[in-house]
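Here's the structure we're looking at; comments come further down.
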Number of protein chains: 2
Amino acid sequence: MGNNTTERAVTLKDLARELGIHPSTVSRVLHSDPDSARGAASAATARRIRELAAEVGYSPDPQATSLRTRRTQLLGVIVPRLSDLVLAIMYEGIEEAAAAIGYSAFVTNSHDDVAEQRRQVEIMLARRVDGLIIGDSHLDVDVLPELRDRAVPFVLMNRRHPGFPSSTCDDTRGGELVAEHLWAKGHRRVSVIAGEPYASTAVDRTGGFVDRWHALGGELPDGSIVWSRFDTQGGREAAEKILSARSAPTAIFAVNDFAAIGAMGALRSHGMIVGQDCAVVGYNDTSLAAELPIPLSSVRSPMAEIGRQAVGLLEGVLRGEAVESVRLEPSLQVRESSA
Amino acid sequence: MGNNTTERAVTLKDLARELGIHPSTVSRVLHSDPDSARGAASAATARRIRELAAEVGYSPDPQATSLRTRRTQLLGVIVPRLSDLVLAIMYEGIEEAAAAIGYSAFVTNSHDDVAEQRRQVEIMLARRVDGLIIGDSHLDVDVLPELRDRAVPFVLMNRRHPGFPSSTCDDTRGGELVAEHLWAKGHRRVSVIAGEPYASTAVDRTGGFVDRWHALGGELPDGSIVWSRFDTQGGREAAEKILSARSAPTAIFAVNDFAAIGAMGALRSHGMIVGQDCAVVGYNDTSLAAELPIPLSSVRSPMAEIGRQAVGLLEGVLRGEAVESVRLEPSLQVRESSA
DNA sequence: CTGAAAGCGCTTACAG
DNA sequence: CTGAAAGCGCTTACAG
């Protein structure tokens with residue numbers, strides 16, 4: 001009666017014995033198209049098998065299956081840290097898309113440490129994942145060429161790297177949007193809290209801003225660009241550095257919402273009112289941005305979709321296709337912090 | 001020379017062939033204590049095996065191993081959502097502790113939906129995880145009794161449930177700390193943004209506060225307690241409801257930092273200054289709290305440790321021990337929002 | 001249409 | 001000390 005016995009999971013052999021047929025027939029039927037039992041067994045036998053399987057709640061042992069098929073239906077995901085909201089949301093997209101095509105995902109934190117990243121890759125490979133989604137790629141040193149040489153199937157997510165397939169936001173475009181917005185609002189003295197120089201997200205967002213700013217005729221004297229950590233504390237420290245210099249800017253672009261929140265804190269400490277004395281724009285439009293005491297302008301990036309697309313890309317790689325990187329379009333949400 | 005061939009992973013049989021011995025001997029040695037080869041093979045043979053294994057980078061196929069041993073070394077973790085920073089940090093603790101004892105963890109989001117929770121449990125079980133860490137337990141309806149009947153090894157995390165082992169913060173105590181603090185600061189008209197009534201975290205934090213408040217001689221007229229979602233938007237909505245009532249409170253306790261941030265936004269919209277016109281206290285002391293423009297007082301809970309302890313508890317359950325729930329001690333961080 | 005065999009990579013009593 | 005066998009649960013050509 002479909003009760004789940006606690007003892008031992010029911011096996012293919014159990015089903016076969018119950019029905020008085022051979023296990024291979026059961027296996028064949030369970031793997032054939034539900035409608036047409038095409039050559040797997042007679043329609044009658046197929047029906048009996050399916051009915052019994054449903055009744056006892058048969059679920060094949062994935063370990064046994066993958067030992068035979070040499071595929072684990074497992075995806076390995078490596079991110080800097082899951083406690084970074086941006087990565088957590090991308091992972092939700094991954095999980096959803098992976099489940100839809102019958103894969104499960106492992107996820108692990110590298111803390112953006114290169115040695116740890118290598119270690120996590122080896123752990124994933126030891127677990128025999130079918131492929132890897134790498135969310136912590138560094139622009140400088142990197143394991144990527146080595147992975148390619150070893151023919152490990154993988155794609156990048158969030159951060160791109162020339163020559164490797166990736167699913168990212170068009171971060172260059174995102175930076176341009178901010179430059180255009182601040183310029184149009186009349187700002188001429190601006191600073192950028194630029195993030196970590198090893199991350200393409202930081203480099204592209206900053207680069208897009210800088211290039212567009214110059215194209216508009218703007219200037220960015222030395223000290224206008226401050227590299228920083230991506231978190232709130234990093235943003236606060238960078239803003240302190242900016243505010244301690246000669247003349248304060250009238251606008252700050254932080255390439256991450258959390259860094260932007262830190263900057264807002266520093267501005268307040270200096271007695272400045274965000275949105276009046278100094279505009280602030282963040283990046284990613286996390287759920288917090290719109291709900292802050294002073295709502296934060298931010299570049300919206302389709303985070304969950306970036307995760308889903310990464311799975312789609314990896315699917316292609318696993319099929320042996322030559323896949324094209326995707327760069328998803330950002331949009332700017334203007335709010336009180338820079339209105 | 002220890003190069004990772006791309007073709008096929010090296011197997012036990014490969015090692016045995018290379019050394020001219022039987023695979024079972026290799027297996028025996030690789031499973032015996034590295035120092036004493038105690039009866040597995042001669043010291044000389046053992047050394048040769050270990051050297052070759054290290055040289056070619058042998059890593060056993062976990063699928064094959066678990067097919068034999070009937071253990072997958074896999075843990076299933078179910079949380080409401082990983083994009084909730086609190087759960088993401090607990091998961092980091094889980095991952096760390098699990099890795100330390102040779103387990104890997106799957107994590108999946110139930111969105112606090114009871115049907116989805118059941119579905120995720122079945123998916124985990126179909127994957128043959130050795131045990132489950134459940135982070136989305138509901139106080140009312142719940143799968144827990146059924147899981148116990150099915151003899152599924154599991155523990156709860158973050159939220160507790162009477163009669164089942166759990167790793168949580170002592171949320172009752174956390175609520176008490178806030179009541180004592182606000183009372184000492186002279187507040188007499190307070191409101192609680194209480195969270196979701198199905199979560200023990202919300203119920204215990206609120207309950208601890210209410211009981212202590214009454215014990216101190218305080219009053220909580222109807223409408224002082226507002227149940228809400230845990231996120232920023234939920235906090236804002238709850239605060240709006242509180243502020244639209246007759247007389248505004250002089251202090252608000254939100255049982256979650258994100259809800260507290262939403263409340264801060266609502267207060268500002270009403271022209272009130274947080275920390276002056278109305279105190280706000282949150283819960284969890286997430287990394288954001290201290291860095292906000294107006295730093296937020298918050299009850300610190302040892303999130304990563306809660307995750308680690310959950311793994312320890314599950315380890316006990318897997319060994320068949322009767323484990324005791326752990327309730328970790330919170331502490332209050334007072335900042336400008338309620339100074 | 002269905003059965004029987006082989007084998008994925010491993011571990012574990014059991015001999016000798 | 002070491003070998004040989006059995007078997008975990010499955011899938012997949014191959015016969016008939």
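Just so you know, these numbers use all the heavy atoms, side chains as well, and skip hydrogens, waters and symmetry mates.
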Subject >> Under 4.0 Å protein heavy-atom contacts per nucleotide of nucleotides 10-16 of chain D, with B for base, S for backbone only and - for none >> reply: BBB----
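Pairs passing the salt bridge (charged side-chain N to carboxylate O under 4.0 Å, His left out) check and including a residue from residues 312-324 of chain B, sequence neighbours excluded, read B:E315-B:R319, B:R319-B:E321.
Atom CZ of B:R47 and atom C1' of D:dC1 are 15 Å apart (whole Å). Computed from coordinates, the B:R48 CZ to D:dC1 P distance equals 15 Å when rounded to whole Å. Atom CG in B:L67 sits about 9 Å away from atom C1' in C:dC8, given to the nearest Å. Distance CG (A:D14) to C1' (D:dC8): 13 Å, rounded to an integer number of Å.
Using modelled atom types and a 3.5 Å distance limit, the side chains of A:Q63 and B:T72 yield no donor-acceptor pair.
The strand DNA chain D forms stems, runs of 3 or more Watson-Crick or G-U wobble pairs with distances below 3.5 Å, at C:1-3 with D:14-16, C:5-12 with D:5-12, C:14-16 with D:1-3.
With sequence neighbours excluded, the residues that form a side chain to side chain contact (heavy atoms under 4.5 Å, CB included) with B:R70 are A:D61, B:L67. For B:S200, the side chain to side chain contact (heavy atoms under 4.5 Å, CB included) partners at least two apart in sequence or on another chain are B:L139, B:R159, B:R160, B:D204. Qualifying side chain to side chain contact (heavy atoms under 4.5 Å, CB included) partners for B:D113, counting only residues two or more places apart in sequence or in other chains: B:A115, B:E116. With sequence neighbours excluded, the residues that form a side chain to side chain contact (heavy atoms under 4.5 Å, CB included) with B:L52 are B:L15, B:E18, B:L19, B:E55, B:V56. A:T168 pairs by the side chain to side chain donor-acceptor pair (under 3.5 Å) definition with nothing, not counting sequence neighbours. Residues satisfying the salt bridge (Lys or Arg N to Asp or Glu O under 4.0 Å) test with B:R17, not counting sequence neighbours, are B:D14.
In this structure, A:T45 reaches the sugar-phosphate backbone alone: every heavy-atom distance under 4.0 Å involves primed, P, OP1 or OP2 atoms, never a base.
Comparing B:R70 and B:I21 along DNA chain D, the residue whose closest nucleotide (by nearest heavy atom) sits nearer the 5' end is B:I21.
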